[in-house]
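A short write-up of the structure that comes next.
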Amino acid sequence: RFGISDPSKRAGGTLAILTSPYENWHLPPEYMALLSSYTGVMRDRYVLGKWVQAEGAVYPSWRRDRHVRERVGPFARYLIFVDDGYSVPCALLFVGVDSLGRGHVIRSAIRSGMLIAEKLSVVKRWQDQALRETNGVGIEAVIIDPSESQIKAEIREMGLRVLDGDNRIKTGISVTASAMENTIQGDPGLTVDPSCETLIAQVESYTWDSKIADRPIKVNDHGPDALR
């Protein structure tokens, strides 16, 4: 009606006035900080006020030749991300973060039908590696969907710190996209080991749902869900 997406279709007598959130001095600083982290389509829509649709690749900056590489520890921090499931795939990601803040997915386990004992075995194997590489410090935290009470309790029984993940889709995607796009001393802010074949394939097929605003298509998305 207002001709924002196509000026040739603007109805007579209408006028569109586009403004930026930076012009609204009532917005709190923490909200503005969140907006400044947005990239790609979300920045176009929520910061620049452009009338664009979220479609295509969720992570358009992703390049296999840039983001898929081997990195050798030890890392400054070790984390495990979990998107739990049984009939649908469970995704566990073992992530190292170096002293410059660059994240690297060291290993991944993504498949359906995983019993709780298998998941705990994976976590223990990664914890053992982290213990060796950090002089006994080990995994800093295991980050899991807040609703997954059983696996959270089981991992706490192992003596590991468990944190609730942030389920805000838009925020998680924005933070992950920024890490992919950032360059820190010549390297991306986020990389993935070549052994993580399922995760790599899912990141590359992670696309926006054209029927639901700001939502990726819910197909083969468990690895990217854990990552964000």
Quick one: does [X]'s side chain get under 4.5 Å of [Y]'s, heavy atoms only?
X      : Y      : answer
Val203 : Val192 : no
Arg69  : Pro188 : yes
Val105 : Cys196 : yes
Arg228 : Lys170 : no
Asp84  : Lys119 : yes
Ile173 : Thr176 : no
Arg107 : Trp126 : yes
Ile169 : Pro216 : yes

How far apart are the closest heavy atoms of [X] and [Y], and which atoms are they?
X      : Y      : value
Ala141 : Leu163 : CB-CD1, 3.8 Å
Glu148 : Lys152 : O-CG, 3.0 Å
Val122 : Ala109 : CG1-CB, 4.3 Å
Pro146 : Gly165 : CG-O, 3.4 Å
Ala177 : Ser61  : O-OG, 4.4 Å
Gln202 : Gly223 : OE1-N, 2.8 Å

Side-chain heavy atoms nearer than 4.5 Å, only ILVMFWY residues, links allowed to pass through others: does that put [X] and [Y] together?
X      : Y      : result
Ile139 : Leu131 : no
Ile110 : Tyr59  : yes
Met158 : Val162 : yes
Phe75  : Ile143 : no
Tyr78  : Leu120 : yes

Would you compute the distance between atom [atom1] of [X] and atom [atom2] of [Y] and round it to the nearest 0.5 angstrom?
X      : Y      : atom1 : atom2 : answer
Ile184 : Asp98  : CD1   : CG    : 7.5 Å
Ile80  : Ser108 : CD1   : OG    : 12.5 Å
Ile106 : Thr191 : CD1   : OG1   : 9.5 Å
Arg215 : Ile217 : CZ    : CD1   : 13.5 Å
Ile151 : Ile116 : CD1   : CD1   : 4.0 Å
Leu199 : Asn220 : CG    : CG    : 12.0 Å

Glu118 (side chain) donor-acceptor with Leu115 (main chain) under 3.5 angstrom: yes
Is there a donor-acceptor pair closer than 3.5 Å between any side-chain N or O of Ser121 and the backbone N or O of Ala117? no
Going through the distances and angles, do Asp193 and Arg71 end up as a salt bridge (charged side-chain N to carboxylate O under 4.0 Å, His left out)? CA-CA 7 Å; Asp193 190 87; Arg71 291 194 60 190; over 6 Å; no
Tell me whether the count of non-hydrogen atoms from other residues, nucleotides or ligands lying under 6.0 Å of [atom1] in [X] goes above 12.
X     : atom1 : result
Asn24 : CG    : yes
Tyr86 : OH    : no
Glu23 : CD    : yes

Aromatic rings His67 and Trp62: how do their planes relate, parallel, tilted or perpendicular, breaks at 30° and 60°? parallel
Can you list the steps and then say if Leu92 with Met114 is a side chain to side chain contact (heavy atoms under 4.5 Å, CB included)? CA-CA 11 Å; Leu92 299 101; Met114 289 183 70; 3.9 Å; yes
Test: Asp187 and Arg102 ion pair at under 4.0 Å: yes
Is Asp128 salt-bridged to Arg132, going by a charged N under 4.0 Å from an acidic O? no
Pair Leu79-Phe81, side chain to side chain contact (heavy atoms under 4.5 Å, CB included): steps then yes or no: CA-CA 7 Å; Leu79 303 161; Phe81 302 158; 3.9 Å; yes
Assess whether side chain to side chain contact (heavy atoms under 4.5 Å, CB included) is satisfied between Leu160 and Val123, documenting all intermediate values. CA-CA 10 Å; Leu160 293 173; Val123 171; 3.5 Å; yes
Check whether the side chains of Ser174 and Arg168 place a donor and an acceptor atom closer than 3.5 Å, and report yes or no. no
Matching residue for Phe94 among His104, Gln129, Gln127, Arg125 - test: side-chain contact (heavy atoms from CB on, under 4.5 Å): Gln129
Per the side-chain contact (heavy atoms from CB on, under 4.5 Å) rule, which among Asn182, Val175, Leu227 passes with Leu190? Leu227
Assess whether side chain to side chain contact (heavy atoms under 4.5 Å, CB included) is satisfied between Asp145 and Asn167, documenting all intermediate values. CA-CA 7 Å; Asp145 188 310; Asn167 281 343; 3.6 Å; yes
